[in-house]
Number of protein chains: 2
Amino acid sequence: MATLNDVAKRANVSKMTVSRAINHPEQVRPELRDSILHVMAELNYQPNAAARALVSRRTRVVKLTIFEDMDTTEPYYMMLLAGISNELNQHQYALQLATSNSYEVGECDGYILTGIRQKNYAWVEQLRQPVVFFGRNQQGYDYVDTNNYQAIQDSAGYAVQTGYTNLVFVGIAVDEPFETDREQGFRDFVTQTGVGARMIRLANHCHVATDYVRQHWREFPRNTAFICASDRLAIGIEDGVILQGGRVPDDYGIIGFDGVLLNQIASKRLTTMQQPLEAMGRAAARLLLANIAHPDTESQPHAQEKIIINSRLSISESTRA
Amino acid sequence: MATLNDVAKRANVSKMTVSRAINHPEQVRPELRDSILHVMAELNYQPNAAARALVSRRTRVVKLTIFEDMDTTEPYYMMLLAGISNELNQHQYALQLATSNSYEVGECDGYILTGIRQKNYAWVEQLRQPVVFFGRNQQGYDYVDTNNYQAIQDSAGYAVQTGYTNLVFVGIAVDEPFETDREQGFRDFVTQTGVGARMIRLANHCHVATDYVRQHWREFPRNTAFICASDRLAIGIEDGVILQGGRVPDDYGIIGFDGVLLNQIASKRLTTMQQPLEAMGRAAARLLLANIAHPDTESQPHAQEKIIINSRLSISESTRA
DNA sequence: CAAATTTATGCAATCGCTTGCAAAAGATTT
DNA sequence: AAATCTTTTGCAAGCGATTGCATAAATTTG
């Protein structure tokens, strides 16, 4: 591989000038700069990342750590990934992927964290680089999230508006902010409107939801709408309802959350609260890069930044029009 | 951060000894080594990856490049990812993720390539590091693949064996080896057994398959089995069949390929040819690491290595028992 | 027990690049 | 035209580790 020195010699300048032509183009005479760039292309010169990182203390790598033991069938992360990856690339940053198994491998300038649980915070605290979360947290870390509270109210509102008179919130059995926010949104909605309602919590698997419906079928009268905290639960609920002979959407409405299964399944046209995951990924990457570029100073400690990107209801065939 | 020098001083040795204690433990006196390790822990010393990479010319990074414009709802890649990631971590290698947009960002010791198309080979050829593919190729690159040819024969065989008398192969409309191998397997099976059969090719989306079934419903008599080249197509076909009033599996059988949707959907218990994706990911990582460790020499050029991991049929409710 | 051999440790150079300061060249002012 | 300021370029040092060779210590051998 050609080095900075090779380029310098060939262009009859010192390597410093070449270095500047790359990193601070405005500091070098335009014509000179062009001829240097030309030589660089000629030699197919690529700066050595390791050498750069060594002296500049910038790896130009961002690590995405997925905590939830990488649920390999969950498209959610893939969609975040796409957004993050695209944004980082625009800024010439590389994306490194880590899981619960690989905390320690490799270096980076900052972390994007997702699928995190309470038990993981101890690990997060000992990180020395900037951190951005997916999902609200009370520990003061910057985060990107969707409007969970309001989104559920919207879903519930839509269900009531289309004539369902009995609501069931089907939550995920975890005590994380994203879940409790949704539950609170639902609870407040019920209080405010006085609609008949109940809440259940299930493990986030289709068949669990299907089984639940089978076993508790009698408890769900006609005109019930299920407001679910994930598309998986929604799909499972729908299957259960259909298996019991319930008609969707005429007698039973089902609303999902996430919007990750839309393209996956043809006949299942699920009404769902769609998260703009690509945009959320991009936002997280941008936020992190900003934090990397402007590190906190002692005099001005870090103020938590929150970016909320609203989900919107995607209305389809599992609810009335 | 503590450096090698810091550790050396504290341990009263030269930094060389510390370096050896890390990289060639057998070369340093056991007791000395232990005390060095102790100091390292005390100072929370982590070797600087950049400095290491600079001199050793090893980044300890492997790049996974996904070519197919990252289809964000495709769990296939996530499952590969899990396998690759786990294997790499065991060897203290980091995984970097790249897409069609980000060919050039970041350095690595080798590439794992997936979702590749003919047009991408020009790019691949100019890579200087070892490469491992997912999927057969005739360009001489090492690869990991499943037994596409035989797998389809197994699927078809099972369909015939369970009494379906008419077979339809539903392929993906691309001219890549994985597809042509499957088609050839099907074609040969038909020739050998003389069973009634036909082949179609569709874009790999559920609704395309569903629409196709609707429009060509008359062409599919009872007792037809659809052998599909992906789970998506299978799901789409099944929906189409059901919408037309066909009974699954009594009158129509459906077999998928990949096995990525199994946990996703409860009532859709699809019979599918399950690829061992996690194992394939691990195998690819292992193969690549071996290639990195033992680079080709001039005297002994590279011989293509092929690793085939067999898929097996996972029998469920979309075919007869 | 001295010589030869093996095993452990240290020294110096180097990887490719960027930072801080200094010098040279060019432009502007008085 | 001398003095000052600004822009452009170069020099030297060093980031934190590893490689090759040299030296010191420990062990074996005749």
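Lettering of chains follows the sequences in order, A, B, ..., and the numbering in each one begins at 1. The shown structure was predicted, so the numbers you read here are calculated from the model rather than taken from an experiment.
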If each of A:Asn5 and B:Lys15 is mapped to the nucleotide of DNA chain C with the nearest heavy atom, which maps nearer the 5' terminus, i.e. the 5' end? B:Lys15

Between B:Ala51 and B:Met16, which residue's closest nucleotide on DNA chain D lies nearer the 5′ terminus? B:Ala51

When you measure from the side chain of B:Arg57, which nucleotide among C:dC15, C:dA12, D:dG10 comes out closest? C:dC15

So if I take every side-chain heavy atom of B:Val13 and compare against C:dT18, C:dG10, C:dT9, which nucleotide ends up nearest? C:dG10

Side chain A:Arg20 and base D:dG10 donor-acceptor under 3.5 Å: yes

CD of B:Gln27 versus C1' of D:dA25: gap in Å, rounded? 16 Å

Return the value, rounded to whole Å, for the distance between atom CD of A:Glu31 and atom C1' of D:dT8. 12 Å

Counting side-chain heavy atoms from CB outward, which of C:dT19, D:dC11, C:dT9 is closest to B:Arg29? C:dT9

Give a yes or no on whether the backbone of B:Arg60 and the side-chain of B:Asp109 come within a donor-acceptor separation of less than 3.5 Å. yes

Give a yes/no on whether any side-chain N or O of A:Thr3 is located under 4.0 angstrom from OP1 or OP2 of C:dC17. yes

Mark yes or no for whether B:Gln96, through its side chain, and B:Val105, through its backbone, hold a donor-acceptor pair below 3.5 Å. yes

How about A:Gln138 and A:Gln304: do any of their side-chain heavy atoms sit closer than 4.5 Å? no

Measure from the side chain of B:Tyr45, starting at C-beta and using heavy atoms only, and say which of C:dT9, C:dT18, D:dA17 lies closest. D:dA17

Is any side-chain heavy atom of B:Tyr143 closer than 4.5 Å to one of B:Ile308? yes

Map B:Leu54 and B:Leu32 onto DNA chain C by nearest heavy atom, then report which one ends up closer to the 5' terminus. B:Leu32

Residue B:Val55, side-chain atoms from C-beta onward, closest of D:dG16, C:dT18, C:dG10: D:dG16

Using atom NE2 of A:His24 as one end and atom P of D:dT9 as the other, report the distance to the nearest whole Å. 14 Å

Using whole Å, report how far CD1 of A:Ile36 lies from P of D:dT8. 13 Å

Quickly work out the A:Leu43 CG to C:dG16 C1' distance and round it to whole Å. 15 Å

Nearest to the B:Asn48 side chain among C:dC17, D:dA17, D:dT18, which nucleotide is it? D:dA17

Tell me: CG of B:Asn23 to C1' of C:dT9, nearest whole Å? 16 Å

Is the side chain of B:Gln126 donor-acceptor paired with the backbone N or O of B:Trp123 at a distance under 3.5 Å, no angle test? yes

Presence of A:Ser14 side-chain N/O under 4.0 Å of D:dC11 phosphate oxygens OP1/OP2: no

Expressed as a whole number of angstroms, how long is the span from A:Arg52:CZ to C:dT18:P? 5 Å

A:Ser19 side chain near C:dT18 phosphate (N/O to OP1/OP2, under 4.0 Å): yes

Give the rounded distance in Å between these two atoms: CD of B:Glu26 and C1' of C:dT6. 15 Å

Is there a side-chain contact between B:Met40 and B:Ile22 (heavy atoms, below 4.5 Å)? yes

